[in-house]
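Positions are given from 1, in the same order as the sequence printed here. Treat the numbers as computed from the prediction; the structure is a model and nothing was measured.
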Amino acid sequence: MKNEFKFADLHCHPTLKTYGHSFEDSSYGLKRRNIWYQQENSFVRKLISNYLGLTKFSQADFTTLKNGNVKIVTASLYPFEKGFFINSLGGGFVSAFLANIITGISYYRIRNIQQHINYFEDLEKEYYFLLESIHQNNKMGLFFPKKSEDFKLISHANKTAVILAIEGAHVFNSGLKKYGRETVEKEVLENIYKVKNWKIAPITITFAHNFSNDFCGHARSLDALGPLVNQNEMLNDGFTDLGLKAVKALLDNKNGKVIYPDLKHMCLQSRREYYHYLDTNFKGKNIPIIVSHGAVTGTSWNNPESISDESIFCNTEINFYNEELIAISKSNGLFAIQLDGRRLAKKSVLKKLNSKKNKAFASAKIIWKHLEHIAILLDKNDLNSWNSTCIGSDFDGTINPLPGIYNASDLPLLANNLLELSTHFLSHYDFKNDFNKLTSPETIVNQFCYDNLHHFYLNKF
């Protein structure tokens, strides 16, 4: 008999495709802009995902999230950067047509992104799109918590909490110089203030993303697109003066709601500078270090090439090193494991998945290897092995899902596979600390799938 689990996701994109289709004035666009619209995952679509890496089905629409018993949804608003769609193919209809095949956000949305030069206005439109969509069609009990007591509503079968996040600090209107708009400090700080004082303010922001934002360096992330896009500007750089001013404004508790920077997509240099900045300017202020959708390298940042041939991990700078996992735990932060195969494992490991008879279990083993690595590392450093990890799926964020973990409705199967894997692990591994030894398999899975993120939000609202 399978156990029943509930889920909390620190990073997914319920509006990325739906908001995109709001730019399409047709019956097709009208249907697909509905936040409850579910593009079902057929056998053929699974094959396309497994072998071509194209996700032609819904992953995080609210129907699929409900079907997966996701009770806490962190909806990340993401105005796409122009660098995706103004590329080596140009900035016209050919680029837009091909990009829509990959992203599925609508040809008309892509043409809009190619032409506008105001990320902040785009952010506000996506924000109001989500609020209005929920107001007009809330058939399944979505609500925005405003205080910790509101989370008690989740106990009702038909209630799901929605928390906002943002992906990419370019949304404050930066990184647009090559398109004709200068980054202006006064405008950036005013836009930060506006977002912090929204009626429903976000709790985190992925500070860097895929292209230069004039604030900090980003890690390479679009290898699969090859020479089609150019990520070189500010690639692997550190923070700018304006970037540090933006961080300070986000963390200021006197000018609106605190928004915690999320370190996913920052390059290692910027991450190390951020840790130093917190130690220097916010020591004792209990600022949690957040990674909303990450994976581990399995190595130290002092010796990143030391990974063994047997390791399954993808040892690239966009992923996180042992020192960072320890810092996250010590800060009472969160490390959310993403469900994008490209980040979780080496290509050689991923290639073998499609030949597995039980693809879902083989994929769960990859997730478990990350949890196991973190658990052992933290125990060796006298820290709790299990209370800093959670799910940050990145569903509907143009990812390559692992076979068998295609969308939110597959999370219950993942949880039950993790239960089996954790049972086996605990039966033979001897922890250093008693507080880690006494943990049950059910507790491990519940903490990862729901409890850790739920607890974090209870403390931050």
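Residue pairs meeting the side-chain hydrogen bond (donor to acceptor under 3.5 Å, both in side chains) criterion with at least one partner in residues 191-205, sequence neighbours excluded, are Lys196-Asn255. The list of ring pair (Phe, Tyr, Trp, His ring centres under 6.0 Å) pairs with a residue in residues 244-266, not counting sequence neighbours, reads His209-His265, His265-His293. Legend: salt bridge (Lys or Arg N to Asp or Glu O under 4.0 Å) pairs involving residues 320-336, not counting sequence neighbours, sorted by first then second residue: Arg271-Glu324.
Considering only residues two or more places apart in sequence or on other chains, Asn459 meets the side chain to side chain contact (heavy atoms under 4.5 Å, CB included) condition with His455. In this view, Ile312 and Val349, Ile366, Lys369 satisfy the side chain to side chain contact (heavy atoms under 4.5 Å, CB included) rule, not counting sequence neighbours. Applying the ring-ring contact (aromatic ring centres under 6.0 Å, His included) test to Tyr274 and every residue at least two apart in sequence or in another chain returns nothing. In terms of the side chain to side chain donor-acceptor pair (under 3.5 Å) criterion, residue partners of Arg342 (sequence neighbours excluded) are, by chain and number, Asp340, Asn400. Under the side chain to side chain contact (heavy atoms under 4.5 Å, CB included) criterion, Ser409 pairs with Thr64, Asn67, Asn407, sequence neighbours left out. Residues satisfying the side chain to side chain donor-acceptor pair (under 3.5 Å) test with Asn34, not counting sequence neighbours, are none. Qualifying side chain to side chain donor-acceptor pair (under 3.5 Å) partners for Asn230, counting only residues two or more places apart in sequence or in other chains: Asn232. The side chain to side chain donor-acceptor pair (under 3.5 Å) search around Asp237 returns none, not counting sequence neighbours. With sequence neighbours excluded, the residues forming a side chain to side chain contact (heavy atoms under 4.5 Å, CB included) with Cys314 are Thr316, Asn319, listed by chain and number.
Side-chain contact, Asn69 with Tyr450: no donor N or O sits under 3.5 Å from an acceptor N or O. A side-chain donor-acceptor contact under 3.5 Å links Lys264 and Gln338.
At a threshold of 4.0 Å, the pair Lys147-Asp150 counts as salt-bridged, since one of the basic side-chain nitrogens sits closer than that to a carboxylate oxygen. For Glu187 and Arg181, the salt-bridge test passes: some basic side-chain N is under 4.0 Å from an acidic carboxylate O. Between Asp61 and Arg32, none of the side-chain N atoms (NZ, or NE/NH1/NH2) sits under 4.0 Å from a carboxylate O, so this pair counts as no salt bridge.
With Ser76 contributing its side chain and His11 its backbone, the two residues share no donor-acceptor pair below 3.5 Å. Ser270 places no side-chain N or O within donor-acceptor distance of the main-chain N or O of Cys216, the cut-off being under 3.5 Å. Under the 3.5 Å distance criterion, the side-chain polar atoms of Asn100 are matched with a main-chain donor or acceptor of Ile105.
Separation of atoms OH (Tyr179) and CD (Gln115) is listed at 14.0 Å; rounding is to 0.5 Å.
No option in Leu142, Ile200, Thr15 other than Thr15 meets the side chain to side chain contact (heavy atoms under 4.5 Å, CB included) test with Leu130.
A cation-pi arrangement is found for Lys257 relative to Phe461, the charged atom lying closer than 6.0 Å to the ring centre and inside a 45° cone about the ring normal.
Counting heavy-atom neighbours within 6.0 Å of Phe93 CZ, excluding the residue itself, gives a total of 12 or less.
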